[in-house]
Trainee: 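Structure incoming, see below.
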2 protein chains.
Amino acid sequence: MDERNSYLLQMRAELLRYCDIPDEELRRNAGMMQLLRVEKNRYFIDIGEVPDKMGFIISGLFRVFYITEDGIDRTLVFREKNHFLSAFSAFLEGTPSWYAIQAIEESVLLCLTLQDYNRMMEHNSCWNTFVRKYVEELFIEKEKRERGFLSEDAATRYLTFLSSYPGFEERIPQHYIASYLGITPVALSRIRKKLGKI
Amino acid sequence: MDERNSYLLQMRAELLRYCDIPDEELRRNAGMMQLLRVEKNRYFIDIGEVPDKMGFIISGLFRVFYITEDGIDRTLVFREKNHFLSAFSAFLEGTPSWYAIQAIEESVLLCLTLQDYNRMMEHNSCWNTFVRKYVEELFIEKEKRERGFLSEDAATRYLTFLSSYPGFEERIPQHYIASYLGITPVALSRIRKKLGKI
DNA sequence: CTGACACGTTAACCTAGGTTAACGATCGCC
DNA sequence: GGCGATCGTTAACCTAGGTTAACGTGTCAG
């Protein structure tokens with residue numbers, strides 16, 4: 001079986017959801033993508049690292065997190081298959097990333113180097129359009145999360161999490177979910193108990 | 001004096017901070033921009049409205065806010081001169097906005113209709129690049145705010161607000177600042193008292 | 001000038017969630 | 001098999017911030 005080829009098709013389908021990309025460009029791009037396997041608990045990008053690659057998740061599950069001044073672990077987002085993965089601003093600006101990206105499950109990625117990314121952007125403006133639409137989506141995602149913090153309590157945020165990420169509940173350890181909700185594992189345990197009793 | 005022309009130059013300077021835009025395109029764009037004055041407390045865009053315009057702030061101050069299920073007022077962001085202003089996702093997708101944009105001071109804008117925006121985007125890919133970079137910046141801004149909610153208490157968020165928006169403290173009523181921090185005016189008053197005593 | 005109203009402050013009380021610690025359960029690993 | 005280490009739960013206690021309400025001040029309309 002041609003594994004790599006099926007992966008490229010998987011990514012292609014996702015790219016085309018955003019905008020038209022000529023076959024010629026897709027082919028050029030396909031030549032740049034490198035297969036990467038990340039074991040469970042290993043890091044795709046670490047804190048302080050200047051990221052030189054972005055990825056497209058073929059399978060598996062990641063979490064993006066950082067460590068607060070008090071040494072507490074806070075999760076920004078979870079990402080599974082068919083999503084792009086990068087320490088975005090650090091990648092584009094060539095600065096050290098303040099957050100890490102860790103595999104929660106054994107995962108497979110297609111990777112693109114910064115160099116190739118820049119080549120793509122210069123070669124055809126369709127990539128510019130793609131990135132614009134993609135970042136717009138990221139922005140809207142963050143707006144929703146901001147809204148959650150501004151006007152929902154932890155229990156409501158937990159319910160929102162459950163419904164926006166169906167199935168993640170079983171794949172993600174509870175203390176990581178707490179870390180994503182901005183509460184302690186103890187508090188999440190209490191919330192689950194209370195909700196279960198309704 | 002040619003007021004309108006000085007406004008256009010002001011916007012041009014801001015546009016060029018993001019990327020190169022050919023003079024020809026700047027001239028085309030200048031022809032599309034319409035002057036709009038918004039009185040204090042009036043809305044640039046209201047909740048539920050399908051926004052048909054975006055703006056560039058020449059002078060004044062706005063806040064972007066929504067109303068929670070419990071009828072509480074929550075502020076997403078404040079914006080002053082030299083920033084672009086829109087209910088972004090709603091503008092692009094043609095859907096009703098879930099938040100409103102209100103002038104806190106008498107303000108002056110240059111406005112662009114959705115139609116002209118789309119024309120610009122199709123006419124030259126430099127606008128695509130501009131929007132991509134601009135949204136990237138918005139995204140990074142939201143990431144910082146997310147980080148605040150995840151790992152800072154209200155007093156720290158207040159201090160962060162003071163240092164990231166110098167001068168806003170005097171221009172914005174305190175209950176709007178509380179609304180931005182995600183706390184009640186009472187809580188903000190307590191925090192200010194405690195901080196003042198140090 | 002005056003009454004109404006919007007705004008900030010303060011106090012008293014309440015609640016969601018943090019902190020610490022103890023206790024099982026599970027899962028490697030030797 | 002046993003022995004830690006990691007994870008979730010529960011309980012006891014603590015604190016930041018919410019809620020309500022009272023009070024002062026400034027502002028503006030009449």
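Sequence lines set the chain letters: A, B, ... in the order given, protein chains first and strands last, and positions in each chain run from 1.
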Trainee: Would you say the side chains of A:Ser97 and A:Tyr66 form a donor-acceptor pair under 3.5 Å?
Mentor: no
Trainee: Taking the basic N atoms (NZ, or NE/NH1/NH2) and the acidic carboxylate oxygens, is any pair closer than 4.0 Å for A:Glu14 and A:Arg17?
Mentor: yes
Trainee: For A:Arg192 and D:dT9, what is the distance between atoms CZ and C1' respectively, to the nearest whole Å?
Mentor: 10 Å
Trainee: Taking the six-membered ring of A:Phe65 as reference, does the NZ or CZ atom of A:Arg63 fall below 6.0 Å from its centre and within a 45° cone about the axis?
Mentor: yes
Trainee: Using a cutoff of under 3.5 Å, can you pull out all pairs of nitrogen or oxygen atoms linking the protein to nucleotides 24-30 of chain D, with atom names and distances?
Mentor:
none

Trainee: In sequence, state the C-alpha distance, the side-chain angles, and the governing distance for B:Lys133 and B:Glu137, and then conclude on salt bridge (charged side-chain N to carboxylate O under 4.0 Å, His left out).
Mentor: CA-CA 6 Å; B:Lys133 295 203 177 181; B:Glu137 210 172 89; over 6 Å; no
Trainee: Through what angle, rounded to 10 degrees, does the axis of the helix from C:dC1-D:dG30 to C:dC30-D:dG1 turn between its ends, using five pairs per end?
Mentor: 40°
Trainee: Using a 4.0 Å cut-off on heavy atoms, which residues in residues 60-75 of chain B reach DNA chain D? List them by number, or say none.
Mentor: none
Trainee: Can you find a side-chain donor-acceptor pair between A:Arg74 and A:Thr68 that sits under 3.5 Å?
Mentor: no
Trainee: Please indicate whether B:Gln115 has more than 12 foreign heavy atoms, meaning atoms of other residues, nucleotides or ligands, lying under 6.0 Å from its CD.
Mentor: no
Trainee: Which heavy atom of A:Ser86 sits nearest a heavy atom of A:Lys53, and at what distance?
Mentor: OG-O, 3.9 Å
Trainee: Give me the residues of residues 152-185 of chain B where at least one heavy atom lies under 4.0 Å from an atom of DNA chain C, by number, or none.
Mentor: B:Pro173, B:Gln174, B:His175
Trainee: For B:Asp153 and B:Thr156, run side-chain hydrogen bond (donor to acceptor under 3.5 Å, both in side chains): C-alpha distance rounded to whole Å, both residues' side-chain angles, the deciding distance at 0.1 Å, then the answer.
Mentor: CA-CA 5 Å; B:Asp153 62 12; B:Thr156 310; 2.6 Å; yes
Trainee: Quick one: side chains of residues 28-49 of chain B, donor-acceptor pairs under 3.5 Å with protein atoms, not counting sequence neighbours, listed by atom name and distance.
Mentor:
residue : atom : partner  : partner atom : Å
B:Arg28 : NE   : B:His123 : ND1          : 3.3
B:Glu49 : OE1  : B:Asp46  : N            : 2.8

Trainee: Restricting to non-hydrogen atoms, name the atom on A:Gln10 and the atom on A:Ile58 that form the minimum distance, rounded to 0.1 Å.
Mentor: NE2-O, 3.0 Å
Trainee: With side-chain hydrogen bond (donor to acceptor under 3.5 Å, both in side chains) as the criterion, how do A:Glu143 and B:Tyr99 come out once you've worked through the C-alpha distance, each side chain's angles and the decisive distance to 0.1 Å?
Mentor: CA-CA 11 Å; A:Glu143 263 189 354; B:Tyr99 47 77; 3.0 Å; yes
Trainee: What is the 5' to 3' range of DNA chain C, first to last nucleotide, that sits under 4.0 Å from any heavy atom of chain B?
Mentor: C:dC7 to C:dA12
Trainee: Check each of B:Arg145, B:Glu152, B:Arg147 against B:Phe149 using the side chain to side chain contact (heavy atoms under 4.5 Å, CB included) test, and report the only one that passes.
Mentor: B:Arg145
Trainee: Give the intermediate values and the outcome of side-chain hydrogen bond (donor to acceptor under 3.5 Å, both in side chains) for residues A:Tyr180 and A:Arg157.
Mentor: CA-CA 10 Å; A:Tyr180 172 76; A:Arg157 291 204 300 279; over 6 Å; no
Trainee: Quick check, are the ring centers of A:Phe78 and A:Phe62 under 6.0 angstrom apart?
Mentor: no
Trainee: Looking only at the side chains, is there a donor atom on one of B:Ser125 and A:Ser125 sitting less than 3.5 Å from an acceptor on the other?
Mentor: no
